[in-house]
Amino acid sequence: MLLLFSPQVLRQAPTMQLGRAAVAFALLLLASVCAPPAFAQKYRTAAGFRSDGSSYGLTVQQLVLPKTTLEGLGMLSPRERSVTLLGERHFGILGPSLNYYFGAGGHFGVHKDDGNFWGFDGIVGAEYKIPFARIVLSVDFKPTVEFGSGDWNRFPTAVSVRYIILKQKKTGFLNDILDKVKGE
């Protein structure tokens, strides 16, 4: 029992935790890249607000490849400011309105006490596009590994509400016929 609390073991504890976090991050990234895409996500561009309870900010999501988005976050809290860029892969759950996503990215920020910090982010979440409205609701878990900060890792959950700026273009046999009939 005393060996668990020896100075040598306690000095190595953050390194051991970081190793586990790195393995979890690598597995999350592998799962997001290798999983087969489903028909999900009904928009190309959406922007809105995000909050994790202690910080708040703006979120903008842009479709860059089929079922893949880039999400930018600008977050504010009483003691820090940060920007994050995430690549996310979306998968349908129950039709095109409800989907889940995995992703990874990085962030940079300024803390009033610690100065500049940066780090790596993972993300897993679910989003729901409200039928007949241009609103997307999402909830996510976004663990981070920090460098240059008093906190070396964080495990926040957050809620986002986005307005759909550009809808996903409808495709398919019937839509192609309707476009030709309309003369588009």
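- Residues H107 and V145 approach most closely at CE1-O, 4.0 Å, considering heavy atoms.
- Remark: S55 pairs with D52, M75, S77 by the side chain to side chain contact (heavy atoms under 4.5 Å, CB included) rule, at least two apart or across chains.
- The distance from the NZ atom of K129 to the CG atom of N99 is 12.0 Å, given to the nearest 0.5 Å.
- Put simply, OG on S54 and CZ on R79 are 13.0 Å apart, with the number rounded to the nearest 0.5 Å.
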Chi angles and distances behind the side chain to side chain contact (heavy atoms under 4.5 Å, CB included) call for K142, R154:
CA-CA 8 Å; K142 189 175 78 66; R154 298 181 193 183; over 6 Å; no

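- D114 contributes a side-chain N or O that, together with a main-chain N or O of G150, makes up a donor-acceptor pair within less than 3.5 Å.
- Closest non-hydrogen pair, K112 versus P78, comes out as NZ-O, 3.3 Å.
- At a threshold of 4.5 Å between side-chain heavy atoms, the hydrophobic network of Ile, Leu, Val, Met, Phe, Trp and Tyr places V124 and F91 in one connected group.
- Linking ILVMFWY residues whenever their side-chain heavy atoms come closer than 4.5 Å, directly or via other members, leaves V64 and L73 in distinct clusters.
- Residues A47 and I165 come closest through the heavy atom pair CB-CD1, 3.8 Å.
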Does the pair F108 and N116 meet the rule for a side chain to side chain contact (heavy atoms under 4.5 Å, CB included), with working shown?
CA-CA 7 Å; F108 176 80; N116 293 341; 4.0 Å; yes

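- Using a 4.5 Å heavy-atom threshold, the side chains of Y43 and L63 count as separate.
- Relative orientation of the F117 and H111 rings is perpendicular, given thresholds of 30° and 60° on the angle between their planes.
- The OG1 atom of T45 lies 3.0 Å from the CD atom of Q62; values are rounded to the nearest 0.5 Å.
- Comment: E71 engages R162 in a salt bridge, judged by a side-chain N to carboxylate O separation of less than 4.0 angstrom.
- A 6.0 Å sphere centred on OH of Y56 holds no more than 12 heavy atoms belonging to other residues, nucleotides or ligands.
- Follow the hydrophobic side-chain contacts under 4.5 Å out from Y163 and you reach L166 in the same cluster.
- Two residues are said to be in side-chain contact when any heavy atoms from C-beta on lie closer than 4.5 Å; E127 and Q61 meet this criterion.
- A continuous path of Ile, Leu, Val, Met, Phe, Trp and Tyr side chains, each step under 4.5 Å between heavy atoms, connects I130 with I93, placing both in one hydrophobic cluster.
- In the hydrophobic cluster analysis, where Ile, Leu, Val, Met, Phe, Trp and Tyr join through side-chain heavy atoms closer than 4.5 angstrom, F102 is grouped together with L98.
- With a 4.5 Å cut-off between side-chain heavy atoms of Ile, Leu, Val, Met, Phe, Trp and Tyr, the cluster of F49 takes in L58.
- We find the CG-CZ distance between L86 and F120 to be 13.0 Å, quoted to the nearest 0.5 Å.
- Atom CD1 in I164 sits 13.0 Å away from atom CZ in R44 (nearest 0.5 Å).
- F147 and W118 have their aromatic ring centers within a separation under 6.0 angstrom.
- Residues I135 and L137 approach most closely at CG2-CD2, 4.0 Å, considering heavy atoms.
- A tilted orientation is assigned to the rings of Y101 and H90, their planes being inclined by 30° to 60°.
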